[in-house]
Number of protein chains: 2
Amino acid sequence: MAHKVTIKELATAAGVSVTTVSQILNGKSNRFSSETIERVHQLQDQLNYVPNFNARNLILNEAKSIGVVVPNIGNPFFSSFINGIQRVSREFEYLPFNFSGANDSSLEEYYVEQLIGRGTNGLIIASSSITKNTIDKILKKNQIPYLLMDQNPLSDGDQVRTNDRVGGHLVAQYLLSMGHKKFSVVVPNDATDNIKLRITGFKEELVTQGLDPSSMINTVYSPLTKRGGFDAAITVVQSDATAVFAVNDELAIGLYRGLKKLGLKIPADISVMGYDGIDLDTFVEPELSTIQQPIARMGELATQLLINRINDPTISQQVVELPVRLIKRSSVSTPKIKN
Amino acid sequence: MAHKVTIKELATAAGVSVTTVSQILNGKSNRFSSETIERVHQLQDQLNYVPNFNARNLILNEAKSIGVVVPNIGNPFFSSFINGIQRVSREFEYLPFNFSGANDSSLEEYYVEQLIGRGTNGLIIASSSITKNTIDKILKKNQIPYLLMDQNPLSDGDQVRTNDRVGGHLVAQYLLSMGHKKFSVVVPNDATDNIKLRITGFKEELVTQGLDPSSMINTVYSPLTKRGGFDAAITVVQSDATAVFAVNDELAIGLYRGLKKLGLKIPADISVMGYDGIDLDTFVEPELSTIQQPIARMGELATQLLINRINDPTISQQVVELPVRLIKRSSVSTPKIKN
DNA sequence: AAAATTCTTGCAAGCGATTTCAAGTTGTGC
DNA sequence: GCACAACTTGAAATCGCTTGCAAGAATTTT
């Protein structure tokens, strides 16, 4: 290992005490003669002194870092989320450590534990494959500030959310307004609370309009991946649905491919609605109609709230709900007249 | 801040010394009576003792972590890369800290410095927006083990690479074999060495086949993003190219959209070749022909090599070159006969 | 010119863990 | 009953840095 210069060596070299060096390097230098200050800074450059972060944090009792665990950074939704987190973290001089669960719950648990063990100040977890309860337990037990995404609106703890229920309403309204009456809904088996709410909202809207959801919806279970969407296509086609609601865009984009492979034209033969609003939506054909979530903003807010809590764990529950927006593009049209 | 239980408190509670607790908790417990061991473990659970990582690392002089900076996690190429890194890191009990440069060089520099300051053991940098020289300087100056991706094959330092030149050859061979004679090449202005090599390889192959690159290639400069590809379409169309070589898949997928918007059919009107081999390729239409890089494997190897070097900085340069593979799908056909 | 300020600077006590070295206990063999 | 080995356990130094407190030097006040 390359030897690291310590503050003591720097002090000796500069002919002053470590106290002096420490003070100067930490900007409390107004109490020193400008020559000393100058000399110390010069020596620092020369000797290449970098403070030992562990020692520093040990005393200061802070790491100035937050941990972030998302289910899958391969999903652009989460990479945008991370971008938002990075932005605000930097602003507050926190360093965010990002991890992708890769759809493996043990891995997520592993990262959470590692992060805690390493003294992270707080955690943002947008997990899916691990049960909230497990994580909740670990985090509470360790008394570490955290913010869980995608949680049930009724749960305690700080929250950044969008109104998934309203999102569901919007989808149903739109699809109904286009004349659809038979739907396929593609959703994972182990859906998180927020995703379940999208479905709930969807059904609610049907009821609101005096319709009977049970006779109109065919549910297809499939994982939240492109592959999952692709595989779901065959089942979707076998139903009499004229429109599909895929609960996220990844799924929808996979579904696209599956449907096309089966010879269907979108939206002529079947309409498709996604959910999330990722960049990719406008690069597929036809451009995907979706519900847009302000995802980067969510990352920013999540960070903001978490840091608030780190600074003062006693504040009361923080909940921010961001609006969602229906984006009509070309993947939805009026239903085909069945012969 | 929630009070954290220290080893001393645990020791007092257990009625033993901190030495004992430390030894037991670190598995050097064979020297203690099973009652003591039992008691300590029990108390640990009960009091919820988590060792202070800073204190621990201070004395052990290690952080067991590596820093990772990629230009943009939004690109699936890099998320796969990170997945590979995560896999191997875990195996060696290192924790990888991942950052996305978000195409902002100052941001990348910031992360590199933060990471170093925090005592990361080594860095993997797959950067583009910051000059290699700058990073190189920072890293060398700090004598920290690192591995730069996408660097010139001639440079020193450990390397994990694919043969981009061969990749270029393959693209040219394929396109020529399909009968194309006029090409558009879409490439960023500030291309990294490896990307430049793809172009070099492409031209080389033309020469090898006795052709004159200068009269056959129309170069379009555009950033390595979907948006960049989209914007490049208009220029591409204005040339007489029958085939386009986009130097990465993101670009190609953006290009798809642009070309289609301009009314062209792929590959009937124009053929498109990508480069990277991301998942998304098979979900766009037509499926994208590309050069596949073993990206996850590259992440794994990069980590492996970096850890080798961390363990022994004196070993000689490590270079691993992984093979690339031409994947023919449906985005390339014979050129349209111009009227 | 002595006293009071103001500047500069350093001593030494930790932060929470690991680890070396040694000490106290108990058990064994003769 | 005693020396010695085998078990258990703890005291104290140390990692590199921050910081409260105090002291010596320089400057100003009276």
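Chain letters run A, B, ... following the sequence lines, proteins first, then strands; residues in each count from 1.
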Between B/Ala55 and B/Thr20, whichever has its closest DNA chain D nucleotide further toward 5' is B/Thr20

A/Ser22 and A/Thr19: side chain donor to acceptor below 3.5 Å:
no

Could you state the CZ-P distance from A/Phe32 to C/dT6, rounded to the nearest angstrom?
18 Å

Please list, for nucleotides 21-23 of chain C, all pairs of protein and nucleotide N/O atoms separated by less than 3.5 Å.
none

Here the distance between atom C1' of D/dG16 and atom OH of A/Tyr49, to the nearest Å, is 7 Å

Please report, rounded to the nearest Å, how far the P atom of C/dG16 is from the CG atom of A/Asn52.
16 Å

Between the side chains of B/Gln318 and B/Asn308, does any donor sit under 3.5 Å from an acceptor?
yes

Can you figure out which of C/dT18, C/dA17, D/dG16 approaches the side chain of B/Ser22 most closely?
C/dT18

Gap between atoms CG and C1', on B/Asn54 and D/dC15 respectively (whole Å):
12 Å

Gap between atoms CD1 and C1', on A/Ile24 and C/dT9 respectively (whole Å)
10 Å

List the steps, then state whether side chain to side chain contact (heavy atoms under 4.5 Å, CB included) holds for B/Glu35 with B/Glu38.
CA-CA 5 Å; B/Glu35 298 139 47; B/Glu38 177 65 16; 5.6 Å; no

So, is A/Ser33 near the phosphate of C/dT9, with a side-chain N or O under 4.0 Å from OP1 or OP2?
yes

May I have the distance from A/Lys8 (atom NZ) to C/dA12 (atom C1'), rounded to whole angstrom?
12 Å

More 5' along DNA chain C: B/Leu58 or A/Ile37, using each one's nearest nucleotide?
A/Ile37

When rounded to the nearest 0.5 angstrom, what distance separates CG in B/Asn57 from CG in A/Leu58?
10.5 Å

Parallel under 30°, tilted from 30 to 60°, perpendicular over 60°: which one fits the rings of B/Phe99 and A/Phe97?
perpendicular

Using a heavy-atom cut-off of under 4.0 Å over every strand shown, decide if B/Val16 touches base, sugar-phosphate, or nothing.
sugar-phosphate

Member of A/Leu10, A/Val21, A/Ile24 meeting the side-chain contact (heavy atoms from CB on, under 4.5 Å) criterion with A/Val16
A/Val21

What's A/Asn26 touching, base or sugar-phosphate or nothing? Going by heavy atoms closer than 4.0 Å.
sugar-phosphate

Please report, rounded to the nearest Å, how far the C1' atom of D/dC17 is from the CZ atom of A/Phe53.
12 Å

At under 4.0 Å, does any side-chain N or O of B/Arg56 touch on OP1 or OP2 of C/dG16?
no

For B/Glu35 and C/dT25, give me the distance from atom CD to atom C1', rounded to whole Å.
14 Å

Report yes if at least one side-chain N or O of B/Thr36 is closer than 4.0 Å to OP1 or OP2 of D/dT9; otherwise report no.
yes

Do B/Arg309 and B/Asn121 meet the criterion of a side-chain donor-acceptor pair at a distance under 3.5 Å?
no

Is the phosphate of D/dG10 approached by B/Thr19 (side-chain N or O, under 4.0 Å from OP1 or OP2)?
no

